[in-house]
Amino acid sequence: MEIMQIIDMMEETIDKAPTVPLSGKIVVDKEDLLDYIQEMRLVFPDEVKEAKWVKEERERILAEAESRSETMIKNAEEKVNQMIDEHEITKQAYEQANQMVNEAQTKAMEIKTDCDQYADDILGDVERRLDMLLKKVHDDRAYFENK
């Protein structure tokens, strides 16, 4: 079960709870809420592991993209060195090598940007979920303190 599902169940419990007349407060079974909190404690480490995996995967993808980029640049440089003997071929080789380097750098930047965006989206979602969970826990604690 995910944290968001547990929060949804808590919200449903709160929405269905009877209200105390003239106070706007509700009556909620303490054991139900404590069970939800315990379940969140069990699930929370999995959410953190997932965020850590996303970060590690992002770093792996970036390293792979950088390695590919370096390989492409190295291949382009080797090709230029092979064609250096003849002037016209040399001119063409420089143009082609520069184009390959530019393409490799462009592709590497695209991959890096995509990886950064993916990681940011995942981490943003995890952060949003954790913020919601923390707010809910604070609200619940405040409720119990005011009870």
Side-chain angles (χ1 to χ4, degrees), residues 1-17 24-26 28-147:
M1 186 176 300
E2 290 185 12
I3 288 177
M4 293 308 294
Q5 291 173 320
I6 299 168
I7 291 172
D8 290 343
M9 291 173 15
M10 289 175 74
E11 280 182 332
E12 185 177 328
T13 299
I14 291 169
D15 287 342
K16 290 181 179 179
K25 296 186 180 205
I26 60 171
V28 179
D29 185 344
K30 177 181 176 180
E31 288 302 315
D32 286 347
L33 287 180
L34 290 175
D35 287 345
Y36 291 140
I37 291 170
Q38 181 62 29
E39 186 69 26
M40 284 189 288
R41 283 189 177 127
L42 294 174
V43 172
F44 185 73
D46 291 336
E47 298 284 341
V48 172
K49 287 177 190 173
E50 182 179 326
K52 183 179 178 185
W53 176 84
V54 167
K55 179 184 174 197
E56 290 171 353
E57 187 66 11
R58 175 185 174 269
E59 289 173 359
R60 184 195 64 77
I61 290 170
L62 288 174
E64 184 179 317
E66 187 174 334
S67 174
R68 285 183 183 177
S69 172
E70 289 172 2
T71 301
M72 291 174 83
I73 290 169
K74 189 175 184 179
N75 289 342
E77 289 172 351
E78 288 173 4
K79 191 163 189 161
V80 167
N81 288 335
Q82 292 172 356
M83 297 178 164
I84 209 159
D85 292 335
E86 297 177 32
H87 179 66
E88 187 60 30
I89 294 175
T90 302
K91 183 179 176 183
Q92 291 174 0
Y94 277 119
E95 291 173 5
Q96 200 172 29
N98 286 334
Q99 182 180 358
M100 289 175 71
V101 168
N102 289 339
E103 288 174 5
Q105 289 172 340
T106 300
K107 188 65 175 175
M109 286 303 294
E110 287 175 6
I111 291 171
K112 183 182 182 306
T113 300
D114 290 348
C115 290
D116 287 346
Q117 184 60 49
Y118 174 74
D120 188 58
D121 291 347
I122 294 297
L123 291 173
D125 184 53
V126 169
E127 180 181 44
R128 181 184 56 78
R129 289 179 183 196
L130 292 174
D131 286 343
M132 289 173 45
L133 175 61
L134 185 59
K135 182 187 180 312
K136 188 66 179 165
V137 170
H138 283 287
D139 291 347
D140 290 348
R141 287 187 70 203
Y143 169 77
F144 287 110
E145 288 174 1
N146 293 329
K147 197 170 181 188

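- With rounding to the nearest 0.5 angstrom, the CD atom of Glu103 is 11.0 Å from the CG atom of Asn98.
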Could you list the donor-acceptor pairs under 3.5 angstrom formed by side chains in residues 63-71, with sequence neighbours left out?
{"from": "Glu64", "atom 1": "OE1", "to": "Arg60", "atom 2": "NH1", "distance (Å)": "2.9"}
{"from": "Glu64", "atom 1": "OE2", "to": "Arg68", "atom 2": "NH2", "distance (Å)": "2.8"}
{"from": "Thr71", "atom 1": "OG1", "to": "Ser67", "atom 2": "O", "distance (Å)": "2.9"}

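- Within the 4.5 Å cutoff, no side-chain heavy atoms of Met72 are placed close to those of Met100.
- For Lys16 and Glu12, the salt-bridge test passes: some basic side-chain N is under 4.0 Å from an acidic carboxylate O.
- Taken to the nearest 0.5 Å, the CG atom of Asp8 stands 10.5 Å off from the OG1 atom of Thr13.
- Using modelled atom types, one finds no donor on one side chain facing an acceptor on the other under 3.5 Å when comparing Glu95 with Gln99.
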* Please report the C-alpha distance between Met10 and Asp140 in whole Å, then the side-chain angles of each, then the deciding distance to 0.1 Å, and finally whether the side-chain contact (heavy atoms from CB on, under 4.5 Å) criterion is met. => CA-CA 10 Å; Met10 289 175 74; Asp140 290 348; 2.7 Å; yes
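- Asp125 contributes no side-chain N or O that, together with a main-chain N or O of Asp121, makes up a donor-acceptor pair within less than 3.5 Å.
- Shown here for Cys115 and Ile61, the closest heavy-atom pair between the two residues is SG-CG2, 2.5 Å.
- To the nearest 0.5 angstrom, Leu33 atom CG is 6.0 Å from Ile14 atom CD1.
- For the atom pair CG (Leu42) and CD1 (Ile37), the distance works out to 12.5 Å, reported to the nearest 0.5 Å.
- Glu2 and Arg129 are joined by a salt bridge, as a carboxylate oxygen and a charged side-chain nitrogen come within less than 4.0 angstrom of each other.
- Residue pairs satisfying the salt bridge (charged side-chain N to carboxylate O under 4.0 Å, His left out) criterion with at least one member in residues 108-120, sequence neighbours excluded, are listed as follows: Arg58-Asp116, Lys112-Asp116.
- Distance check, rounded to the nearest 0.5 Å: CD of Glu127 to CD1 of Ile122 gives 13.0 Å.
- Contact record, Val28 with Ala17: CG2-CB, 3.8 Å, taken as the closest heavy-atom pair.
- In terms of modelled atom types and a separation under 3.5 Å, the side chain of Tyr143 and the main chain of Ile26 share a donor-acceptor contact.
- Distance CD/Glu77 to CG/Asn75: 9.5 Å, rounded to 0.5 Å.
- Taking a cutoff of 4.0 Å between a charged side-chain nitrogen and a carboxylate oxygen, Lys135 and Asp131 do not qualify as a salt bridge.
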* Checking side-chain contact (heavy atoms from CB on, under 4.5 Å) for the pair Ile7/Tyr36: CA distance, chi angles, key distance, verdict? -> CA-CA 8 Å; Ile7 291 172; Tyr36 291 140; over 6 Å; no
